[in-house]
Amino acid sequence: MRLLPSVFSIIFLIFFAALSQAEQANDILVIKPTPYNIIIDGDLSDWSHISFTPNFVLHDKNKLSSQKTRAKVTRDNKNLYFAFEVKDKNIVGTNQPHDAKLFATDDLIEVFIDDNGDGENYLEFGVNAYGNIYDYVLNCIKKSCGGWSDNPDFTLNNIVVKTSVQGSINNSNDIDTGFIVEIKLPFKSLQLIKQGNFTKPAHNSEWRVNMFRIDYGITPVEYQSWRPHHSFGFHQPDKFGYFYFKGY
């Protein structure tokens, strides 16, 4: 009889672990309204009420990356907010103008938003450790809509970005080196995407979204994502996860 509690404990732990894996496998991040003001200042102390996502994985292998990345996401009635914690012992990048092709040169985070997952007229934007940003609209990536077409001239109006660096940029040996990225993305700015059909998310609505990181500071370069694609290439909107909005 003394063995029964330990047996039940083992069964419970196995069940709990399986449940946790199943929840993660759903590829859903529930976005709840924040009851507090989010200040975009590169400091995450006002995000303590929001949980981090699990650490990002190698985007085409679903394996943990060499250096960790995780995110927090919340909203209010007007904006979507992102916070990224990026661990990086060798931050690669330079201060660059708006819409420079940061994805080809710099360590950065990226967000892709395709509200309906149809692969047309979706947003791609990225931010490096300096707080530089690029923002594109992908008009089409499929043969069925004419093949690859993008609009690098699109600009996200009134987006607010702030970064902070722990340690030094370029070749730091500080074990705690990395950078924080905070973003305030107005819903109205998304509504400027032609034929994007973006509206302010209502209660129980969902968007197709993925969040990425490119790490040029290690060899080979690592491409990370919140939700893995299982094949190489970030532009796979049918493989994006879901932001599920609660409230409002």
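Fair warning: this is a prediction, and the values are worked out from it, not measured in the lab. Throughout, numbering of the chain's residues begins at 1 and tracks the sequence.
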message: By the side chain to side chain donor-acceptor pair (under 3.5 Å) test, which pairs, at least two apart or in different chains, include something from residues 209-224?
response: Ser65-Gln224, Ser66-Glu222, Gln67-Asp215, Thr69-Arg213, Thr69-Gln224, Asp88-Arg213, Asn210-His229, Arg213-Asp215

statement: Tightest non-hydrogen contact, residues Pro35 and His49, listed as CD-CD2, 3.6 Å

message: What verdict does the side-chain contact (heavy atoms from CB on, under 4.5 Å) test give for Lys78 and Lys188, after you've listed the backbone C-alpha separation in whole Å, the side-chain angles of each residue and the deciding distance to 0.1 Å?
response: CA-CA 8 Å; Lys78 295 181 179 180; Lys188 282 188 176 180; over 6 Å; no

- prompt: Is there a side-chain contact (heavy atoms from CB on, under 4.5 Å) between Ile133 and His98 once you walk through the steps?
  reply: CA-CA 6 Å; Ile133 182 173; His98 178 255; 3.6 Å; yes

field: Single-linkage hydrophobic cluster, 4.5 Å side-chain cutoff, Ile50 and Val73 together
entry: no

Residues in salt bridge (Lys or Arg N to Asp or Glu O under 4.0 Å) contact with Glu120, at least two apart in sequence or another chain: Lys142

task: Please tell me if the side chains of Ile109 and Ile183 come closer than 4.5 Å, counting only heavy atoms from C-beta onward.
output: yes

- prompt: Is the CG atom of Asp150 crowded by more than 12 outside heavy atoms at less than 6.0 Å?
  reply: yes

field: Heavy-atom side-chain proximity of Asp27 to Lys239 below 4.5 angstrom
entry: no

task: Would you indicate whether the side-chain heavy atoms of Trp47 and Ile38 approach each other to under 4.5 Å?
output: yes

- request: Answer yes or no: is there a donor N or O on one side and an acceptor on the other, between the side chain of His59 and the main chain of Gly233, under 3.5 Å?
  value: yes

query: Do other residues, nucleotides or ligands put more than 12 heavy atoms under 6.0 Å from Phe52 CZ?
result: yes

- line: Here the pair of heavy atoms bringing Phe232 nearest to Gln236 is O-NE2, 3.5 Å

message: For Leu190 and Leu80: C-alpha separation, side-chain torsions, deciding distance, then whether side-chain contact (heavy atoms from CB on, under 4.5 Å) applies.
response: CA-CA 10 Å; Leu190 296 174; Leu80 190 61; 5.6 Å; no

- prompt: How far does CG of Asn158 sit from OG of Ser189, to the nearest 0.5 angstrom?
  reply: 7.0 Å

- prompt: Is it true that a side-chain atom of Asp115 and a backbone atom of Arg208 form a donor plus acceptor pair closer than 3.5 Å?
  reply: no

query: Side chains of Pro228 and Val57: closer than 4.5 Å at any heavy-atom pair?
result: yes

Polar side-chain atom of Asp135 near backbone of Phe125 as donor-acceptor pair, under 3.5 Å: no

message: By the disulfide bond (SG atoms under 2.5 Å apart) test, which pairs, at least two apart or in different chains, include something from residues 213-248?
response: none

- prompt: Is Ser149 reaching over with its side chain to a backbone N or O of Cys140, donor-acceptor style, under 3.5 angstrom?
  reply: no

query: Less than 4.5 Å apart, any side-chain heavy atom of Leu29 and any of Trp226?
result: yes

- request: Indicate if Phe212 and Val221 have the same hydrophobic cluster label, given that clusters are the connected sets of ILVMFWY residues with side-chain heavy-atom separations under 4.5 angstrom.
  value: yes

- request: Could you tell me how the ring of Tyr122 sits relative to the ring of Phe112: parallel (under 30°), tilted (30 to 60°) or perpendicular (over 60°)?
  value: tilted

- prompt: So do Met211 and Phe56 actually touch side chain to side chain, heavy atoms under 4.5 Å?
  reply: yes

message: Can you tell me how the ring of Phe245 sits relative to the ring of Phe243, calling it parallel under 30°, perpendicular over 60° and tilted otherwise?
response: perpendicular

message: I'd like to know if the side chain of Thr155 and the backbone of Asn157 have a donor-acceptor N/O pair within less than 3.5 Å.
response: no

Asn37 atom CG: more than 12 heavy-atom contacts under 6.0 Å: no

- prompt: If you take all heavy atoms of Gly42 and Ser164, which pair is closest and at what distance?
  reply: O-OG, 2.7 Å

- prompt: When Trp207 is tested against each of Tyr242, Tyr244, Phe198 for ring-ring contact (aromatic ring centres under 6.0 Å, His included), which residue passes?
  reply: Phe198

query: Are Phe187 and Val111 connected in a single hydrophobic cluster, I mean Ile/Leu/Val/Met/Phe/Trp/Tyr linked by side-chain heavy atoms less than 4.5 Å apart?
result: yes

field: Distance in Å, Asn121 CG paired with Asp114 CG, rounded so as to fall on 0.5 Å steps
entry: 8.5 Å

4.5 Å side-chain heavy-atom contact, Phe154 and Asn139: no

- prompt: Checking salt bridge (Lys or Arg N to Asp or Glu O under 4.0 Å) for the pair Glu182/Lys162: CA distance, chi angles, key distance, verdict?
  reply: CA-CA 5 Å; Glu182 278 190 289; Lys162 183 67 176 179; over 6 Å; no

- request: Can you see which heavy atom on Phe179 is nearest to which on Asp107, and at what distance?
  value: CZ-O, 4.3 Å

query: Which residue pairs pass the salt bridge (charged side-chain N to carboxylate O under 4.0 Å, His left out) test when at least one of the two sits in residues 37-59, sequence neighbours left out?
result: none

field: Side chain Thr163, main chain Ala129, donor-acceptor under 3.5 Å
entry: yes

query: Residues two or more places apart in sequence or in another chain: which of them pass ring-ring contact (aromatic ring centres under 6.0 Å, His included) with Tyr134?
result: Phe103, Tyr136

field: Set of salt bridge (Lys or Arg N to Asp or Glu O under 4.0 Å) partners for Arg75, sequence neighbours left out
entry: none

- prompt: In terms of hydrophobic clustering (I, L, V, M, F, W, Y; side-chain heavy atoms under 4.5 Å; direct or indirect links), are Leu44 and Phe84 co-clustered?
  reply: no

query: Going only through I, L, V, M, F, W and Y residues with side-chain contacts under 4.5 Å, is there a path from Leu123 to Ile159?
result: yes

Flag side-chain contact, heavy atom, 4.5 Å: Asp76 against Tyr248: yes

- prompt: Looking only at atom types and distance, does a side-chain atom of His203 sit under 3.5 Å from a main-chain N or O of Lys246, one as donor and one as acceptor?
  reply: no

Main-chain N/O of Asn128 paired with Asp106 side-chain donor or acceptor, under 3.5 Å: no

field: Nearest-0.5 Å distance that lies between atom NZ in Lys68 and atom CD in Glu85
entry: 9.5 Å

query: Is it true that a side-chain atom of Asn79 and a backbone atom of Lys184 form a donor plus acceptor pair closer than 3.5 Å?
result: no

task: Drop me the distance from Ile214's CD1 to Glu110's CD, to the nearest 0.5 angstrom.
output: 4.5 Å

query: Which atoms form the tightest heavy-atom contact between Pro237 and Ile141, and what is the distance?
result: CD-CD1, 3.4 Å

